[in-house]
Number of protein chains: 2
Amino acid sequence: MYLHLYVKLEMPAKSGYTPVMPRPLPDQTIAAWAGLMRVSQDLLTRVEADLKTAGYPPLAWYDVLLELKRAGAGGLRPQELQARMLLAQYNLSRLLDRMEGQGCVARRPCPEDRRGQIVVMAPQGRQLLKRMWPVYEAAIERHFAARLRTEDAARLGRLLAKLSPR
Amino acid sequence: MYLHLYVKLEMPAKSGYTPVMPRPLPDQTIAAWAGLMRVSQDLLTRVEADLKTAGYPPLAWYDVLLELKRAGAGGLRPQELQARMLLAQYNLSRLLDRMEGQGCVARRPCPEDRRGQIVVMAPQGRQLLKRMWPVYEAAIERHFAARLRTEDAARLGRLLAKLSPR
DNA sequence: GTCTTATCTATGTACTTGCATCTATATGTC
DNA sequence: GACATATAGATGCAAGTACATAGATAAGAC
């Protein structure tokens, strides 16, 4: 369990009975972790609330629609959507059910793999994406950008990039 | 809706029919927002998975227990917990139901306010907190700290602080 | 004191998510 | 081809979360 920590000690285990005793995390690291969890949750809650107040669905819908728009006419396999959105397979399956029910996306059979399907943008989805953006943008401005100069945002982005899913 | 953006244009509206046209967010800001949402979700998922694999409950339990430990013998009112954890009132109520059911916390009547209650640490909770930490710490190390030098973590922490719930 | 309004917490109901597993198809082995 | 195994996506059921609102007490207006 601790091997990856142990390695960082950069000194050999003295003997067979030395207990595993990883170097504890620096306080600054713990504080950064806690800050990341807290701030991201807080901001997400606020932005989602703004969207809901304006009568729009959750951000996950926006993300699906944006990916589909980027994917163009060829659409996307659910698996690709799942990977890009870091969403569990069964959650995506049901999210697509709901979005399909609202006419936002369409599922089409996949010629190359008959187990699969291709998800494409539908008219309601295109419209929803376009209408949601101003509200979403204003929420990002209000809750996020208003507190961070652009250079700080850029710095934050670079730090976060180091933490990105590889 | 856009007033707060409009103000930032630092120029007067020319006439009554000038459409509201906020300055769009800089790409770097949008990228930082997207990175924040994506990275935090990814890391949270990974860390929660490590905890679950080790047989432990979700992080929210840890957070409650940590707050109760810090609060000491006097315990905390649910409202205070709610504010510190950024948790909805009804979610906390039910979280406490579950934790109480496992003997991790106890609810006691509040003498000053008979509508309220005081939540205190219970023996199982104290033990759980102690046992969870090494697993939690290792998960933070593995998924977060291992990708970020301590100085970068400190920088990240400072940037996030600017975004903190005020 | 009485009444109105606000606050603290709980809860019925609906919706969403998680887990385990299913069906169908694909791929690999012999 | 026959079989075992793997992969794509759906789904029954349990657990958790959201919304609206309830019940109890408190605080303020008069």
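Because the structure is a prediction, the values reported are computed rather than measured. Quick note on labels: first sequence line is chain A, next is B, and so on, each numbered from 1.
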Open item on the list: Could you check whether the side chain of A/R94 and the base of C/dG18 have a donor-acceptor pair of N or O atoms closer than 3.5 Å, going by distance alone?
Closed with: yes
Task: Length of the CG-P vector between A/D97 and C/dT17, whole Å - done: 12 Å
Task: Phosphate-side-chain proximity, A/Y90 and C/dC19, N/O vs OP1/OP2 below 4.0 Å - done: yes
Open item on the list: Output the rounded distance in Å from CG (A/L86) to P (C/dG18).
Closed with: 13 Å
Task: Protein-nucleotide distance (A/L95, atom CG; C/dT17, atom C1'), rounded to Å - done: 12 Å
Open item on the list: So that I can tick it off, tell me whether B/R94 and B/D97 are bridged by a salt bridge, with the cut-off set at under 4.0 angstrom between side-chain N and carboxylate O.
Closed with: no
Task: Distance in angstrom units between A/L92 CG and D/dA8 P, rounded - done: 13 Å
Task: Any A/I140 side-chain heavy atom under 4.5 Å of B/L25 side chain - done: yes
Open item on the list: So which atom in B/A122 and which in B/A106 form the shortest heavy-atom distance, rounded to 0.1 Å?
Closed with: CB-N, 4.2 Å
Task: Length of the CG-P vector between A/L76 and D/dG9, whole Å - done: 11 Å
TODO: Give a yes/no on whether any side-chain N or O of A/N91 is located under 4.0 angstrom from OP1 or OP2 of C/dG18.
DONE: yes
- [ ] Please report, rounded to the nearest Å, how far the P atom of C/dA10 is from the CD atom of B/Q79.
- [x] 12 Å
- [ ] Using a strict cut-off of less than 4.0 Å between a Lys/Arg side-chain nitrogen and an Asp/Glu carboxylate oxygen, indicate whether A/R46 and A/D50 qualify as a salt bridge.
- [x] no
TODO: State, to 0.1 Å, how close B/K130 and B/P134 come at their nearest heavy-atom pair, and which atoms those are.
DONE: O-CD, 3.2 Å
Open item on the list: On the nucleotide C/dT9, are OP1 or OP2 found under 4.0 Å from the side-chain N or O atoms that B/Q82 carries?
Closed with: no
Task: B/P111 versus B/I118, closest heavy-atom pair with distance - done: CD-CD1, 4.2 Å
Open item on the list: For D/dT17 and B/R98 - does any side-chain N or O of the residue sit under 4.0 Å from the phosphate oxygens OP1/OP2?
Closed with: yes
Task: Side-chain N,O (A/Q117) to OP1/OP2 (D/dG9) below 4.0 Å - done: no
Anything under 3.5 Å between a protein N or O and an N or O of nucleotides 21-25 of chain D, put it in a table, one pair a line.
none

Open item on the list: From CD1 of A/I118 over to P of D/dA8, roughly how many Å is that when rounded to an integer?
Closed with: 14 Å
Open item on the list: Between B/R77 and B/K52, which residue's closest nucleotide on DNA chain C lies nearer the 5′ terminus?
Closed with: B/R77
TODO: Flag the pair A/R158 / A/R155 as yes when at least one side-chain heavy-atom distance between them is below 4.5 Å, and no otherwise.
DONE: yes
TODO: May I have the distance from A/M85 (atom CE) to C/dT17 (atom P), rounded to whole angstrom?
DONE: 10 Å
